[in-house]
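First comes the structure, then the notes that go with it.
Just so you know, these numbers use all the heavy atoms, side chains as well, and skip hydrogens, waters and symmetry mates. All chains are named by letter (A, B, ...) in the order of the sequence lines, taking the proteins before the strands, and each is independently numbered beginning at 1.
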There are 2 protein chains.
Amino acid sequence: MELRQIKYFLGVAETLNFSKAAINLNIVQPALSRQIRQLEQDLGVVLFERNNRNVWLTPAGMYLRDEMIKLDKRFKDTLDYALSIQNGHVGTIRIGYPGSALYSILPEVLCLLQQKLPLLDGVLSEMAEVEVLETLVNGHIDVCFSREEMYDHPNVCQRKLFSEQLALVVPEKHALTKENFKSIAQCRSDGFILPYLADWQMYRQLIYGMFNKEGFVPRIAYESNFGATIMRLVEKNLGVSILPLSYRMGSSLKVRFIPLKTQTTLYMVWRTDDHSPIVRNFIDLCDEAARGLNLDFECG
Amino acid sequence: MELRQIKYFLGVAETLNFSKAAINLNIVQPALSRQIRQLEQDLGVVLFERNNRNVWLTPAGMYLRDEMIKLDKRFKDTLDYALSIQNGHVGTIRIGYPGSALYSILPEVLCLLQQKLPLLDGVLSEMAEVEVLETLVNGHIDVCFSREEMYDHPNVCQRKLFSEQLALVVPEKHALTKENFKSIAQCRSDGFILPYLADWQMYRQLIYGMFNKEGFVPRIAYESNFGATIMRLVEKNLGVSILPLSYRMGSSLKVRFIPLKTQTTLYMVWRTDDHSPIVRNFIDLCDEAARGLNLDFECG
DNA sequence: TTCTATTCATGCTTTTTCGGCATAAATCTA
DNA sequence: TAGATTTATGCCGAAAAAGCATGAATAGAA
């Protein structure tokens, strides 16, 4: 018994006429008659009652017709789903990200994911920038966002998503404003609230490079890897900070963002040996999200 | 894509080894490799990752393996059920019977039906003996029980099931007992309660033959086609009756059954042109029930 | 390292199956 | 009764599948 014969059976069951069914099935009538007879022998079930003039279904034939139509549909659906799995449209992707991705690319990516790959589940893990790489390499996540360059790392690949300005974050009552701002050296006497940054991190060099250029060493009032915490401390007059400008989007606190010249870049990172189509699709999705990103926070 | 290829796929998925799977499938390994490759091309889905040494399933392959096992089971179940339909083990049989079958063969038949053909639904219609034949011929029922001989009827077939004695039914306080009973002529002065019997009915001839033999014409007090009604009237001293002895089984009324010599035969009847396997199975079942019937009501 | 055994893939040949054609047999219609 | 329609059967060529021999790669043992 073969699927071809079942297809033929359904063809005959539809027209109840071997000649016409044969035409629909693109074979000649004798071939069809033989295949149906073969099927009946294999099954041990008489599907059609027929004389030299008429054809009709037996009760068992009617039952089989109805069931085979259902099975055929389920079969096709199953194949479609398997194709979706192969194409990376179905499954789970574990995403690691530092808090600084939360107000820029991440919501856009998740919206796109919902729209374009609704069968793909995203599992989100927020973590400090310093943890991101190790978590990825250890296989606890599949992709991550990072502000670190790691083009020379052998086990991971990286792609630039977008750049944005850094901003000085001061309490609302602070004397410094966008208008009177000239240099962060004006905050020389303020305490700084900065994320904990390891020596090897490029982001650390980016931040501290700014201080060096202006010729002072900032006083560290507090360290925190969580933007929300940092902004709250700034609001409470406990210091000033430097954060990516997109943080402005998620804050209703009484703090002021003063854009700086310096840019920070967000990257998308994945394991070199991970050829999963899900990861590939997700990277493409992030690319698309980054291209569509509106970074004009001034007007936001 | 053919069922053969799916069978091969499941074979390889089980062992993850083309050579061993080929042995299990009774083909040579190159043939198996080619068929799997063909299947992968047809589906557009890579089922196995393989190098020259190892084979393992892709995610899509795992999904398809699990789903195909389920589909295969459902497919086989469907074919089994179709075979049951063909063999008359599944469906509905409409059974007509006169009340006099109710205490003898019918319960036995229904028990056997439940045991041996649990997927066969019996639809019961009690009706007067005079209606049974017409209802059958008109196609409102598929089989019926009857006490009439109709071997010469062109449209129906008939088979004898069993014979039993007739009995005189008298009120408990009636003077006549098994011991002092000699002839129904002793009831010459009693009113008789008999079913309505058309002239053409053999059963009528059977009953009235007894009266003729004893040389008297019974006085008909009441007519009823329902045994329960007749017995109740007898209990209430409104007359005596003649019924098949098996009625004793279903009665807790204050009536006495006095066995007579005369026998009555119950037949099973069906339409000549009805070749349904369900009817055939049911007839066989009734035969079996009749053979196993315990007619020794004396000891019951 | 080298040899052997195992495993999957490829090329060629044989066998089986399937489809096409001609036609028979049966039945309905004019 | 003749013609049209429909299913079944016999025969043949084409296509597909299986078998066989062998190649290529690799893991494991000597």
Side-chain angles (χ1 to χ4, degrees), chain A residues 1-62 64-65 68 72 79 86 273 275, chain B residues 1-62 64-65 68 72 79 86 273 275:
Chain A
M1 182 187 2
E2 288 298 342
L3 287 179
R4 177 174 26 81
Q5 293 168 319
I6 292 168
K7 188 178 74 179
Y8 290 174
F9 162 60
L10 292 178
V12 177
E14 203 173 339
T15 62
L16 292 180
N17 179 315
F18 280 74
S19 305
K20 293 193 177 73
I23 294 170
N24 295 338
L25 294 165
N26 290 313
I27 56 171
V28 294
Q29 168 268 316
L32 181 57
S33 289
R34 264 194 301 257
Q35 289 295 322
I36 295 292
R37 187 164 298 277
Q38 181 70 45
L39 179 62
E40 289 181 321
Q41 280 181 16
D42 291 349
L43 295 179
V45 174
V46 179
L47 300 169
F48 298 101
E49 298 283 349
R50 42 205 187 280
N51 52 34
N52 279 314
R53 193 78 192 166
N54 289 100
V55 175
W56 62 100
L57 281 159
T58 61
M62 285 185 207
L64 273 181
R65 171 191 43 147
M68 286 303 163
D72 181 63
L79 299 185
Q86 154 141 318
D273 63 358
H275 302 295
Chain B
M1 181 185 8
E2 288 298 340
L3 287 179
R4 176 173 28 80
Q5 294 169 318
I6 291 168
K7 188 178 73 178
Y8 291 174
F9 162 61
L10 292 178
V12 177
E14 202 173 338
T15 62
L16 293 181
N17 179 315
F18 280 74
S19 304
K20 294 193 177 74
I23 294 170
N24 295 337
L25 294 166
N26 290 313
I27 56 170
V28 294
Q29 169 265 317
L32 181 56
S33 289
R34 267 193 298 257
Q35 288 296 321
I36 296 291
R37 189 164 297 278
Q38 181 70 45
L39 178 62
E40 289 181 321
Q41 280 180 17
D42 290 349
L43 295 178
V45 174
V46 179
L47 300 169
F48 299 101
E49 298 283 348
R50 43 204 185 280
N51 53 36
N52 279 313
R53 194 79 195 167
N54 288 100
V55 175
W56 62 100
L57 280 159
T58 61
M62 286 185 207
L64 272 181
R65 173 193 42 154
M68 287 301 162
D72 181 62
L79 298 186
Q86 156 142 318
D273 63 358
H275 302 294

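- Residue Gln38(B) qualifies as enclosed at atom CD: its count of foreign heavy atoms under 6.0 Å is above 12.
- Using a 4.0 Å cut-off on heavy atoms, the residues of residues 1-10 of chain A that approach DNA chain C are Arg4(A), Tyr8(A), listed by number.
- A 4.5 Å side-chain heavy-atom check between Ile36(B) and Glu40(B) finds at least one atom pair inside the cut-off.
- Between Gln35(A) atom CD and dG19(C) atom C1' the separation is 9 Å, expressed in whole Å.
- Here the CG-CZ distance, from Leu3(B) to Phe9(B), works out to 14.0 Å after rounding to the nearest 0.5 Å.
- Going from atom CD of Gln41(B) over to atom C1' of dA16(D) covers 15 Å, rounded to whole Å.
- Looking only at side-chain heavy atoms (C-beta outward), Leu64(B) and Leu79(A) come within less than 4.5 Å of each other.
- Rounded to an integer number of Å, the gap from Ile36(B) CD1 to dA17(D) C1' is 14 Å.
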Short N/O separations, protein against nucleotides 5-8 of chain D, under 3.5 angstrom:
unit_1 : atom_1 : unit_2   : atom_2 : d
dT5(D) : O2     : Arg53(A) : NH1    : 2.4
dT6(D) : OP1    : Lys20(A) : NZ     : 3.4
dT6(D) : O2     : Asn52(A) : O      : 3.1
dT7(D) : OP1    : Phe18(A) : N      : 2.9
dT7(D) : OP2    : Phe18(A) : N      : 3.3
dT7(D) : OP2    : Ser19(A) : N      : 2.9
dT7(D) : OP2    : Ser19(A) : OG     : 2.8
dA8(D) : OP1    : Arg37(A) : NH2    : 2.9
dA8(D) : OP1    : Arg50(A) : NE     : 2.9
dA8(D) : OP2    : Ser33(A) : OG     : 3.0
dA8(D) : N7     : Gln29(A) : NE2    : 2.9
dA8(D) : N6     : Gln29(A) : OE1    : 3.2

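- Atom pair Asp42(A):CG and dT17(C):C1' shows a separation of 13 Å (rounding to whole Å applied).
- Glu49(A) has its CD atom 17 Å from the C1' atom of dT27(C), to the nearest Å.
- For the pair Gln38(B) CD and dA15(D) C1', the interatomic distance rounds to 12 Å; values are reported in whole Å.
- If you take CG of Leu39(B) and P of dA16(D), they are 16 Å apart, rounded to a whole angstrom.
- Gln5(A) has its side chain within reach of Asp42(A): a pair of non-hydrogen atoms, C-beta onward, lies under 4.5 Å apart.
- In this structure a side-chain-to-backbone donor-acceptor pair under 3.5 Å is present from Thr58(A) to Val46(A).
- For the pair Phe48(A)/Asn54(A), no side-chain contact is recorded, criterion being any heavy-atom separation below 4.5 Å from C-beta on.
- For the pair Glu2(B) (side chain) and Arg4(A) (backbone), a donor-acceptor distance under 3.5 Å is present.
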